[in-house]
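Step one of this worksheet: look at the structure below.
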Amino acid sequence: MTEQNTEALDRIDQLIHTVADFPKPGIQFKDITPLLACPKTFGETIELMESQVLSLGADLIAAPESRGFIFGVPLAQSLDIGFIPIRKPGKLPGETVSVEYELEYGTDKIEMRSNAIQPGQKILLVDDVLATGGTISACQELVEKMGGVVIGTCFLLELAFLEGRNKIPDCEVFSLLEIND
Ligand code: AMP
């Protein structure tokens, strides 16, 4: 890590604000809206993500709505590769493939267009926060259901104490920032 990168990471860190008890009691919500309001530091965020994942040689980026799109689209543009949206049910036109996954209470479902990935394509998954890992492991399952290969995952922030990376054991995990407690 160069001194320049460390300074950029400090600037990024300063613009992620913690909001206690949102959206429900006990959750320390990581608010990225101050980062999005600062084009220079947001640009540095995408550049740092790009330098982490460049050597993977991904064919496509896939990301879950909605905050995954915020980082996934500019990163795909920087890498000059396509972007696939992963959405909640009923949002995508045409044929879709879906995966159901467990939440703390009940289940949720995500979908992708059924023609979005060709078998064997190398997919990089992107999201803002890695928490328990439930969302990203469902995204991995969806990509694999379509014959794609998840070659890595990239996050702005990892809540490492929740050990979400254990849910995607075969995946390389890149995160710009980590919180350990
Ligand atoms: P998980 O499936 O538990 O890894 O949660 C990841 C998803 O939930 C990401 O798409 C995040 O946007 C969101 N998320 C989970 N925990 C937080 C948090 N503490 N602050 C902000 N977003 C969160």
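Every number for a ligand or one of its atoms is a count from 1 in the order of the listing.
Surrounding CD of Gln77 are at most 12 heavy atoms belonging to other residues, nucleotides or ligands under 6.0 Å away.
Using a 4.0 Å heavy-atom cutoff, Leu159 is listed among the residues neighbouring ligand 1. Remark: distances from the non-hydrogen atoms of Pro64 to ligand 1 are all 4.0 Å or more.
Taking 4.0 Å as the cut-off between side-chain N and carboxylate O, Lys88 and Glu65 do not count as a salt-bridged pair. Under the 4.0 Å criterion applied to side-chain N and carboxylate O atoms, Glu44 and Arg11 are assigned as salt-bridge partners.
Between the Asp128 side chain and the Arg67 main chain, no donor and acceptor come within less than 3.5 Å of each other.
The side chain of Asp127, and not its backbone, has at least one atom closer than 4.0 Å to an atom of ligand 1 (non-hydrogen atoms only; side chain from C-beta on). Of the heavy atoms in Arg67, only side-chain atoms (C-beta onward) come closer than 4.0 Å to ligand 1.
Among Lys167, Arg165, Lys30, the residue whose heavy atom sits closest to atom 20 (N) of ligand 1 is Lys30. Considering each of Ala131, Ala63, Ser66, Ala138, the one bringing a non-hydrogen atom nearest atom 16 (N) of ligand 1 is Ala131.
Short contacts between ligand 1 and Thr132, defined as distances under 4.0 Å to a heavy atom of the residue, involve ligand atoms 1 (P), 2 (O), 3 (O), 4 (O). The Thr135 neighbourhood of ligand 1 comprises atoms 1 (P), 2 (O), 5 (O), 6 (C), 7 (C), with distances under 4.0 Å to a heavy atom of that residue. Heavy-atom proximity to Asp128, at under 4.0 Å, picks out these atoms of ligand 1: 9 (C), 10 (O), 11 (C), 12 (O).
When each of Val126, Ile70, Ile32, Val129 is checked for a side chain to side chain contact (heavy atoms under 4.5 Å, CB included) with Leu156, only Ile32 meets the rule.
Note: no N/O pair closer than 3.5 Å links Ile27 and ligand 1 by distance alone. Checked against a 3.5 angstrom limit, the closest N/O atoms of Gly133 and ligand 1 fall inside it.
Annotation: atom 6 (C) of ligand 1 to nearest protein heavy atom, Val129 O, 3.6 Å. The protein atom (non-hydrogen) at minimum distance from atom 19 (N) of ligand 1 is Gln28 O, 3.0 Å.
Atom 8 (O) of ligand 1 is not flagged as protein-proximal [any protein heavy atom, distance under 4.0 Å].
For Ser98 and Glu111, the side-chain atoms include no donor-acceptor pair closer than 3.5 Å.
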